[in-house]
Amino acid sequence: MDIGTFLLLAGAGMIGGICNAVAGGGTFFTFPALLAAGVPPVVANATSAVSIWPGHASSLLGYRSELGRHRAALRRSLPVVGAGSLVGAALLVFTGDAQFSRLVPWLILVATVLFALGPWLRQAIERHARGQVPHLVAAGAEFLTALYGGYFGAGLGIMLMAILTLLGVRDVQEANAVKNAMATVVTSAAVMLFVATGSIAWAQGSAVLLGAIVGGYAGARLARWIPPLALRWTIVATGLTLAAYFGLKAGA
């Protein structure tokens, strides 16, 4: 790997780490950078998942008390999302680069729309949620969301927050803690399968991870200075641009 490629990947990881620390959406930068570095689409997506995994896992350290209040619900949900993630990751590995490349524009577009509508989606669900959601319905929604997370992952946090709102978790900090726990299990399960099937570009992934660690640290400090709304719409514009670019490329 030459110095230019290293700087591209580390820079994308840094920007992604800052975004994840402030508003989310880091995958919109790490995944295209890996593709630009010549990593095949399926391996690029798997490598991107590995690169962001430490951020999900480390975030749990600050949420021990909130997680303790949802211990029973987590015992029900975590095996479901773990299984869904494994199915999604297996689908990705066996999809093949050609088919996955055709899906990439649509996956990015869906993730961008979810990211853009995230705050309004949560508010709408809060206004209209009534009563207790049956466990079977909740488990089905969690499984399908985790399947998507294992397959692609961008926008996963927004989907999980919407589900938690539907399930009646109203406190934002508690919802964020449970969301991070579920996202950690989804990412961990997918990463284990990606590693087992040799789907990781370790050299390129290490460069992204290094940048993401620096970006995550910087993002935690910059969070009070960067307007989240401005960053959110910058990420949305990036997502729409990428969806259009990969759509045109797939149709070429």
Side-chain angles (χ1 to χ4, degrees), residues 13 16-31 45-64 66-71 73-89 92 107 110-112 114-115 118-119 121-122 125 138-167 169 171-195 205 208-209 212-213 215-216 219-220 223 232 235:
I18 291 172
C19 291
N20 284 339
V22 180
T27 303
F28 290 122
F29 298 93
T30 57
F31 174 63
N45 193 49
T47 303
S48 180
V50 171
S51 301
I52 65 172
W53 176 84
H56 284 306
S58 63
S59 68
L60 299 182
L61 297 175
Y63 281 120
R64 288 188 293 272
E66 288 86 355
L67 291 173
R69 291 193 284 273
H70 293 273
R71 191 175 290 111
L74 286 170
R75 278 198 293 264
R76 288 194 302 268
S77 296
L78 295 185
V80 174
V81 297
S85 176
L86 285 173
V87 173
L92 173 67
L107 291 168
V110 168
T112 303
L114 284 171
F115 190 84
L121 179 63
R122 182 176 171 83
I125 292 174
E142 289 168 349
F143 182 87
L144 291 174
T145 300
L147 188 151
Y148 167 81
Y151 189 82
F152 188 58
L156 172 66
I158 294 159
M159 297 170 72
L160 289 174
M161 287 292 276
I163 289 173
L164 291 171
T165 302
L166 190 62
L167 294 178
V169 183
D171 184 272
V172 174
Q173 290 300 321
E174 291 188 7
N176 203 43
V178 175
K179 179 263 293 181
N180 284 342
M182 295 171 77
T184 298
V185 170
V186 169
T187 309
S188 299
V191 164
M192 286 191 294
L193 192 140
F194 294 148
V195 171
V208 176
L209 176 58
I213 291 171
R232 173 175 293 277
I235 294 169

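Keep in mind that the numbers below use all heavy atoms, side chains included, and drop hydrogens, waters and symmetry copies.
By the side-chain contact (heavy atoms from CB on, under 4.5 Å) test, Ser77 is found to be paired with Glu142, Met182, residues two or more places apart in sequence or in another chain being considered. The ring pair (Phe, Tyr, Trp, His ring centres under 6.0 Å) check on Phe152 picks up Phe31, with sequence neighbours excluded. With sequence neighbours excluded, the residues forming a side-chain contact (heavy atoms from CB on, under 4.5 Å) with Leu147 are Val87, Leu91, Phe143, listed by chain and number.
Nearest heavy atom pair, residue Phe194 against residue Gly150, reads CZ-O, 3.6 Å. Taking every heavy atom of both residues into account, Gly205 and Ser51 meet most closely at O-OG, 3.4 Å. Nearest approach of Gly82 to Ala189, heavy atoms of both residues: O-CB, 3.8 Å. Between Ala111 and Tyr148, the shortest heavy-atom distance links the atoms CB-OH, 3.6 Å. Listed here is the closest heavy atom pair of Ser188 and Thr184: OG-O, 2.6 Å.
The distance from the OG atom of Ser85 to the CG atom of Leu78 is 12.0 Å, given to the nearest 0.5 Å.
Residues Leu156 and Val186 have side chains in contact (heavy-atom distance under 4.5 Å, counting atoms from C-beta outward). For the pair Val208 and Thr47, the minimum side-chain heavy-atom distance is 4.5 Å or more. In this structure, the side chains of Leu92 and Asn45 come closer than 4.5 Å at one or more pairs of heavy atoms.
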Original post:
Which is it for Leu74 and Val178 under the side chain to side chain contact (heavy atoms under 4.5 Å, CB included) test, yes or no, and what are the steps along the way?
Top reply: CA-CA 8 Å; Leu74 286 170; Val178 175; 3.8 Å; yes
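Between the side chains of Thr30 and Ser48, at least one donor-acceptor pair of N or O atoms lies under 3.5 Å.
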